[in-house]
Structures are given as structure tokens and as C-alpha cells.
Number of protein chains: 2
Amino acid sequence: MRRLTRKGAATRQRILEGAALHIREHGVVETTLDDVLVRTSTSKSQLFHYFPGGKEELLLAVARLEADRVLEDQQPQLGELTSWEAWRRWRDLIVARYRDQGTNCPIHAVMSQLRASTPGAQAVVSELMERWQAEIADGVRHMQAVGEVAGSLDPDQAAAALLSGIQGGVLIQLSTGRTTHLEAALDMGIAHLRANRP
Amino acid sequence: MRRLTRKGAATRQRILEGAALHIREHGVVETTLDDVLVRTSTSKSQLFHYFPGGKEELLLAVARLEADRVLEDQQPQLGELTSWEAWRRWRDLIVARYRDQGTNCPIHAVMSQLRASTPGAQAVVSELMERWQAEIADGVRHMQAVGEVAGSLDPDQAAAALLSGIQGGVLIQLSTGRTTHLEAALDMGIAHLRANRP
DNA sequence: CCTAGACTGGACCCCACAGTCCAGTACGGG
DNA sequence: CCCGTACTGGACTGTGGGGTCCAGTCTAGG
């Protein structure tokens with residue numbers, strides 16, 4: 001696809017967002033191409049025109065869309081972890097976000113469908129995790145700079161541990177419907193930082 | 001199914017374990033009933049005889065099998081978290097176990113396929129998490145009893161956080177292939193306990 | 001050793017759903 | 001205004017794979 005008219009770009013976007021929404025609501029297993037077509041008032045030929053790779057390509061595009069959204073939803077708090085109060089606000093924001101999302105994580109759903117088949121799929125998640133962890137690590141480094149955290153603590157290590165806790169907390173929430181584990185993980189992660197005062 | 005002859009029980013078990021193995025090797029999406037039949041030298045009618053609910057029931061049974069295996073694989077270390085040295089051994093055991101498992105988690109795979117459809121599916125994971133967390137919490141309580149951890153720490157809270165870290169670490173490993181996050185989470189969780197000396 | 005019912009084989013059904021094709025329409029650059 | 005190509009509609013195809021059926025065989029209890 002080399003050139004897209006304005007109309008074409010709009011249609012492509014409509015299909016993409018319609019697919020993302022349907023997956024959010026029904027899960028990827030219960031989402032067929034026809035569902036997406038009906039919902040977005042488009043036809044097969046349009047879908048394959050914009051996503052020549054078919055369902056696989058569409059799902060991958062949805063994964064990218066959702067991955068971007070994850071970090072966007074945490075801004076601006078994630079980018080300004082400059083005080084303990086800011087860390088607390090970020091923590092509350094995450095909990096609220098995932099509480100709202102309920103027991104259906106779009107990325108998680110899409111990934112489990114693509115895993116083996118699509119090589120680029122794991123890269124989407126890997127990249128998300130890297131960016132996420134980098135932002136947290138920046139926050140840790142800032143706290144070190146202002147003397148609230150000991151310089152002996154490895155920021156990347158701490159960020160990796162905190163990120164793991166978040167992922168696991170959300171994962172457990174998918175089965176239990178509760179955010180208790182997510183909260184426990186966040187609280188422990190932050191407490192661990194605070195315990196490492198210089 | 002009211003009565004099972006010895007032969008019948010053996011066949012049922014053969015189907016179940018064959019399915020579990022095939023899912024471990026190929027993932028649940030790439031596993032069809034026919035694959036299982038060929039592998040176990042059984043026929044459709046046998047499979048539906050022992051699993052009247054069809055694929056869904058079979059997958060749920062596999063999930064239960066794998067869930068049990070998760071805790072078994074951590075014994076006896078998980079049951080004897082009675083010294084810092086024991087915690088370290090447990091930590092190493094987990095890392096080794098998941099390193100061996102590689103980037104294909106059977107439970108995770110099966111769950112993402114069942115999620116919405118089967119009501120009992122989430123219960124399998126919930127129960128696994130509960131049992132797992134309870135064992136960790138017992139370990140924390142023991143360390144409190146011997147005066148290595150402050151009594152002010154909530155054992156269930158700490159266990160929930162640690163468990164979240166493990167889950168997230170494993171989840172990230174599925175995309176990255178590395179156990180670095182799992183290790184970071186475990187190390188931080190245990191460090192957090194050690195930091196809370198009386 | 002006989003009979004109910006547990007067990008087995010495999011042919012068959014069926015349809016959901018991804019993917020194809022082609023003919024017709026809108027668009028935008030020249 | 002004209003032509004190439006971007007775009008659209010929708011009928012059509014093919015098949016993977018879950019699930020059904022029934023007829024035949026084995027098992028175990030009485």
C-alpha cells in the first residue's frame with residue numbers, strides 16, 4: 001500500500017479501532033472478521049485491502065495500538081516520578097486503570113493468539129516492557145539524584161522487579177477480578193525503594 | 001461416566017497426558033483433537049466418551065493437571081521456607097524450572113483459550129494462586145516466629161506481592177525468553193523480607 | 001459362561017470463518 | 001475533463017476441525 005487517500009486512511013483507522021473495541025468487549029477468540037466488518041460497516045475486500053496479511057496482520061496492528069495506549073494512559077504521572085507523593089499518584093492511577101479494564105486485557109488476549117505464528121508479536125510486548133521499565137528506572141534515578149534513594153540500588157533492577165509485580169498483579173486480576181495483588185505488588189515495590197534511603 | 005474399568009481409566013489418562021504434552025510442545029492454538037488422537041492412538045469416540053464436553057472439557061482437565069504440577073515442582077523447597085538459605089534454594093529452583101520451561105507456558109496458553117467460555121477455568125487459576133500464596137505466607141510466618149522478620153509485616157500481603165512478581169516475571173519471560181525479570185522480582189521480594197528485621 | 005454396559009473404530013456431518021475474485025464507483029493529479 | 005488507481009460491495013470458495021453416530025468388541029460381575 002503506497003498511497004492512501006484521506007478517505008482510505010479513515011477507513012483503515014475505522015477498521016482498526018473497530019477491531020480493537022470488539023476485542024476489548026468480546027475477547028479475541030470471539031472476534032471474527034465478519035464481526036469487525038459489521039461493526040465498522042465495511043466489507044471483506046476493504047479489510048484485505050488495508051490489511052493484506054489478513055487476520056494476523058490486523059491483530060498485530062491492534063496489539064500495537066493497545067500497547068501504545070498502555071503507556072499513554074499512565075501519563076503524565078509515569079513521566080514525573082519526582083517525589084514520593086508523585087509515586088503514590090502513579091500507583092493509584094495504575095490501580096484505577098486496571099480496575100476499570102476489568103478481567104479482559106486486550107494485549108494479553110491478542111498475544112496469546114499470535115504467540116508462535118507471528119514473529120513480530122513478541123517484539124511488540126518486549127518493546128512495551130522496555131519502554132515501561134525505562135520510565136520507571138528514570139523515576140528511580142531521579143529519586144536517587146534528590147537523595148531520597150541510595151545510589152547503591154540498581155535502578156534498572158528495581159524497575160524490572162516493580163514492573164514484574166505490576167504484570168503479575170494484572171495477570172492475577174484476570175482470574176480473580178480483584179486488584180489486591182496488583183496493589184500489594186506496587187506497594188511493596190515502592191516500599192522497597194523507600195526502605196533504601198541513603 | 002459412572003464406572004470406569006481399569007482399561008478405561010488408562011485410556012482416559014493416556015488422552016489427558018497426550019493432550020498436555022502436545023500443548024506443551026506446540027501450544028494450544030496448534031493443537032487439534034485429531035493431533036491428540038494420533039499421538040495417543042485413540043479415536044474420536046473414545047475422546048468424547050471420556051470427555052463428553054469435548055475440547056473445552058479436555059482443556060480444562062489439562063489446565064488442572066498443569067496447575068497441580070506447578071506446585072509439585074516446587075516441593076519440597078516451597079514447604080520448608082524456614083531459613084534464608086532455604087528461601088534462596090527455593091528462589092533458584094523456581095528460576096531453573098521456568099528457564100527450562102522456556103517461552104511456552106501451558107497453563108497460560110490453555111487459560112487464554114478458555115477464559116470467557118468456561119466458568120470453571122478461572123477457578124483453576126484462582127485456586128492455584130491461593131494455594132501458592134498460602135505456602136509462601138506460611139514461610140513468612142515461620143520467619144517471623146524465629147525472629148528473622150518483624151511481626152508488623154502482613155504475611156499475606158507480602159506473599160501476594162511476591163507471588164505477583166513471580167507471575168509477572170514469568171509472563172515477561174514468555175516474550176523476552178529471559179528470566180532476568182523473574183530473578184529481579186524474586187530477589188526484591190526476598191530482600192524486602194530481610195529488610196524488615198525486628 | 002452369559003449378558004449389560006463399558007469400550008473402541010472410524011466414517012460421516014456440518015458450518016464457521018478466513019481468504020479470493022471481479023465488477024463497479026469515487027477520487028485526484030495532470 | 002479524463003484516466004489511472006485507490007477504493008468499495010458482496011457473492012463465492014474451500015477446508016480445518018469440532019462434534020455425531022452406530023455397529024462391533026471387550027470386560028466384569030453374577
Can you say whether a donor on the side chain of B:Lys44 sits under 3.5 Å from an acceptor on the base of D:dG19, or the other way round?
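Indeed, a donor on one side and an acceptor on the other fall under 3.5 Å apart.
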Under a 3.5 Å threshold, yes or no: a donor from one side chain and an acceptor from the other, between A:Gln13 and A:Glu17?
yes
Between A:Ser43 and A:Gln46: side-chain donor-acceptor atoms closer than 3.5 Å:
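Present: a donor and an acceptor within the cut-off.
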More than 12 heavy atoms from other groups under 6.0 Å of CZ on B:Arg178
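It does not: B:Arg178 CZ has 12 such atoms or fewer within range.
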So B:Ser45, base contact, sugar-phosphate only, or nothing? Heavy-atom distance under 4.0 Å.
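Base, at least one base heavy atom under 4.0 Å.
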Checking all strands, does A:Ser43 fall into the base, sugar-phosphate, or nothing category for heavy-atom contacts under 4.0 angstrom?
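Result for A:Ser43 = base.
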From [atom1] of [X] over to [atom2] of [N], roughly how many Å is that when rounded to an integer?
| X | N | atom1 | atom2 | answer |
| --- | --- | --- | --- | --- |
| A:Lys55 | D:dG16 | NZ | P | 17 Å |
| B:His49 | D:dC22 | NE2 | C1' | 15 Å |
| A:Asp34 | C:dG19 | CG | C1' | 11 Å |
| A:Leu33 | C:dC15 | CG | P | 20 Å |
| B:Phe51 | C:dT8 | CZ | P | 12 Å |
| A:Asp35 | C:dA16 | CG | P | 12 Å |
| B:Leu37 | C:dG9 | CG | C1' | 11 Å |
| A:Phe48 | D:dA6 | CZ | C1' | 19 Å |

Establish, with yes or no, whether the OP1 or OP2 oxygen of C:dT8 is under 4.0 angstrom from a side-chain nitrogen or oxygen of B:Gln46.
yes
Check whether any side-chain nitrogen or oxygen of B:Thr11 sits under 4.0 Å from OP1 or OP2 of C:dT8, and answer yes or no.
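Affirmative; the distance criterion is met.
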Among D:dG18, C:dA18, D:dT8, which nucleotide sits nearest the side chain of A:Tyr50?
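Out of D:dG18, C:dA18, D:dT8, the nucleotide with an atom closest to A:Tyr50's side chain is D:dT8.
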Pick the nucleotide of DNA chain D nearest each of B:Gly54 and A:Arg14; which residue has the one closer to the 5' end?
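Its nucleotide being nearer the 5' end, the pick is A:Arg14.
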Starting from the 5' end of DNA chain D, give me the residue, B:Val29 or B:Lys7, whose nearest nucleotide shows up first.
B:Val29
Are the charged groups of B:Arg141 and B:Asp156 less than 4.0 angstrom apart, N to O?
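A salt bridge links B:Arg141 with B:Asp156.
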Taking the basic N atoms (NZ, or NE/NH1/NH2) and the acidic carboxylate oxygens, is any pair closer than 4.0 Å for B:Arg88 and B:Asp92?
yes
